[in-house]
Amino acid sequence: MCGIIARIGHGNATETLLSGLENLEYRGYDSAGIAVQNGSGVKVHKCSGEVSSLKSTLDGRPSGNMGIGHTRWSTHGPPTDENAHPHTDTAGDVAVVHNGVIDNYTELKADLREKGHEFESDTDTEVIPHLIDEFRSETGDTELAVRRAVDTLEGSYAIAAIVDGEEAVYAARKGSPLVLGLDEEEWFLASDVPAFLDHTDDVIYLEDGDIVVLEPDSYRITDLAGEPIERPVDTVDWDPEDAGKGEYDHYMRKEINTQPTALANTIEGRIENGDVAFERLPPGSFEGIDTVQFVACGTSYHAAMYGGQLVREAGLPTEVLRASEYESTSGPVDENTLVVAVTQSGETADTLDAVRKATDRGARSLAVTNVVGSTAAREADDAVYIRAGPEVGVAATKTYSSQAVTLALLSQRIAGDVPEATPVEDRAAMLEALEDLPRHVETVLEASEADALARDTVDSESFFFIGNGLGRSVALEGALKFKEITYEHAEGFAAGELKHGPLALVTEETPVFAVATGGVDDKTKTNAIEAQARGAPIVAVGPEDHPLVDVADEHLSVPETHPVWTGLLANVQLQLLSYHAADQLDRPIDKPRNLAKSVTVE
Ligand code: F6R
């Protein structure tokens with residue numbers, strides 16, 4: 001996890017580094033720091049807390065035309081000032097920021113200590129500037145020293161370094177994302193594009209093993225042996241506006257409210273003549289596939305459940321696996337298995353690891369992701385983009401909706417390609433209804449009464465979310481969102497499971513949100529009634545004329561549509577419920593404690 005940034009060019013780097021770090025805070029916000037070169041040595045400024053704390057500790061704006069910055073999600077050592085990045089060597093000549101985990105840092109630290117190096121932090125990162133310093137003393141050549149240093153590291157890293165008296169930024173990546181941004185008069189390096197999107201949309205996605213040297217008027221990429229490497233320049237099509245908060249108090253609110261646009265983008269051009277059309281995956285692309293495995297974490301796992309159910313209903317053996325449990329839960333895999341990695345960021349370590357394990361065994365891989373050029377997209381055999389636009393709020397909202405829609409479309413593409421599978425019986429109606437989904441989301445956003453309901457229920461002891469069929473994915477997602485941003489106890493259940501244990505927890509202090517999709521949700525109704533009989537207030541989340549609404553105490557209404565899409569509308573109501581409850585409780589909605597958006601550690 002963590003976000004890193006570097007900038008070199010003319011004029012002062014500090015402002016750019018700080019605003020870039022703010023755009024990377026979704027990756028971690030335990031502590032922040034920058035180092036700049038100002039002609040009188042490398043100056044490091046860092047502290048625990050968010051980038052705003054760092055800004056308030058800066059006396060004016062440290063000057064220097066080049067610098068590096070970091071926003072941290074702690075792995076080694078608590079979020080203290082000492083553990084904040086950048087870290088330096090003993091003399092303070094080499095400053096480094098790092099995203100990743102160095103597995104052999106204990107051994108390296110012991111060796112370096114014997115050579116006289118002194119350490120100040122508990123971090124794994126601190127060995128890196130010391131190593132660079134050590135190899136610089138041996139070789140007198142910083143670029144060579146950086147290559148040697150990273151060659152010594154085991155684990156994952158994206159690093160950027162500056163060195164006293166040198167007009168250069170040195171960087172390297174292995175296993176953690178790093179993107180090079182190219183403007184006319186300045187170069188950037190960052191963990192993700194939004195860090196420098198205000199300046200340029202021309203990027204080079206660096207690969208594992210790349211070493212980069214940025215100088216004011218040139219840049220070069222080499223491999224570990226120092227051989228030059230050419231990488232293509234891509235243009236990202238995200239608008240800088242997309243990455244900001246706009247008129248909203250929170251990114252999460254903005255991202256919930258912009259779902260109609262996100263969904264319209266997800267769908268655009270993907271329904272042609274009553275069939276599903278995926279760019280670069282023409283009809284026939286999935287011929288020969290006899291099993292589908294979805295691997296994902298958190299919210300993406302819930303979206304995978306949604307898509308997985310539709311592939312299973314099409315008649316293909318399907319597994320939806322938590323990526324972190326892949327080894328112990330995966331069935332047999334061979335070249336006829338399609339492993340679908342569902343990952344908004346495309347960088348989740350558990351998901352990448354599961355896909356690598358599946359492909360090592362011969363499976364074919366497909367990444368379903370929001371981030372063009374992400375590791376998942378680059379490593380998989382094929383990639384489908386969900387086109388939701390940048391999501392900054394740590395709690396995923398619009399990307400769940402766009403993922404679920406993309407996976408539903410994928411299920412029909414696969415079903416069309418595989419002779420043993422059958423597409424949904426009323427596929428034309430389902431696809432037609434999809435074109436209305438953005439409009440229906442708009443209706444939910446305009447008419448939702450989730451705010452009032454959140455106010456009425458926020459003091460409850462526990463919050464339960466139930467559903468069956470496609471509604472189960474929505475119930476689990478509703479509970480995850482609720483606990484993540486309100487810090488209140490919330491659980492999601494397959495409705496039928498309630499009576500097998502959790503019912504013991506149900507009291508009049510346990511509102512039960514029951515998701516009605518209009519598909520198979522008989523069990524949701526019967527189990528909701530059972531919970532109600534034990535005193536629980538029932539909130540039906542679904543269309544007006546659903547039988548669940550007749551028995552419920554409260555109702556969050558969604559427009560009538562095809563049952564494949566109703567759950568996604570119910571999910572928007574639950575997103576709003578979580579948002580308003582968290583707002584009532586005055587929680588830091590965009591940055592829930594202990595979490596980060598992109599989880600690049602296992
Ligand atoms: C919850 C949330 C997380 C992510 C999970 C996977 O709101 O955002 O549960 O869904 O960390 O992340 P990606 O989709 O980037 O693989």
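Just follow the structure's listing: the first ligand is 1, and inside any ligand the first atom is 1. These numbers were taken from a predicted model, which means no experiment stands behind them.
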Open item on the list: Test side-chain hydrogen bond (donor to acceptor under 3.5 Å, both in side chains) on Thr266 and Ser402; report intermediate values, then the result.
Closed with: CA-CA 6 Å; Thr266 303; Ser402 290; 2.9 Å; yes
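For atom 5 (C) of ligand 1, the closest heavy atom belonging to the protein is Cys297 O, 3.6 Å. Looking from atom 12 (O) of ligand 1 to the surrounding protein, the closest heavy atom is Thr348 OG1, 3.4 Å. Shortest contact from atom 11 (O) of ligand 1 to any protein heavy atom: Val599 CG2, 4.0 Å. Atom 15 (O) of ligand 1 has its closest protein heavy atom at Ser345 OG, 2.6 Å. Ranking the protein heavy atoms by distance from atom 14 (O) of ligand 1 puts Ser300 OG, 2.5 Å first.
Contacts between Val394 and ligand 1, counted as non-hydrogen atom pairs separated by less than 4.0 Å, involve the backbone only.
For ligand 1, the polar-atom distance check against Ala396 finds a nitrogen or oxygen pair separated by under 3.5 Å. In terms of polar-atom proximity, Thr351 is not counted as a contact of ligand 1, lacking any N or O under 3.5 Å from an N or O of the ligand.
Looking only at side-chain heavy atoms (C-beta outward), Thr399 and Ile386 come within less than 4.5 Å of each other.
Atoms of ligand 1 found under 4.0 Å from any heavy atom of Ala395 (numbered from 1 in listed order, with element): 7 (O). Proximity to Lys481 (heavy-atom distance under 4.0 Å) selects the following atoms of ligand 1: 1 (C), 7 (O).
Aromatic ring pairs are classed by plane angle as parallel below 30°, tilted from 30° to 60° and perpendicular above 60°; the pair His489 and Phe464 is perpendicular. Note: Phe482 and Phe463 have tilted aromatic rings, judged against thresholds of 30 and 60 degrees for the angle between ring planes.
Counting only N and O atoms by type, the side chains of Glu347 and Thr375 include a donor and acceptor under 3.5 Å apart.
Remark: among candidates Thr299, Leu352, Val342, Val295, the nearest residue to atom 9 (O) of ligand 1 is Thr299, based on non-hydrogen atoms.
Between the Asp122 side chain and the His76 main chain, no donor and acceptor come within less than 3.5 Å of each other.
Minimum interatomic distance between Gln259 and Val441 (heavy atoms only, all atoms of both residues): CB-CG1, 4.0 Å.
Environment of CD in Glu449: sparse, with no more than 12 heavy atoms of neighbouring residues, nucleotides or ligands closer than 6.0 Å.
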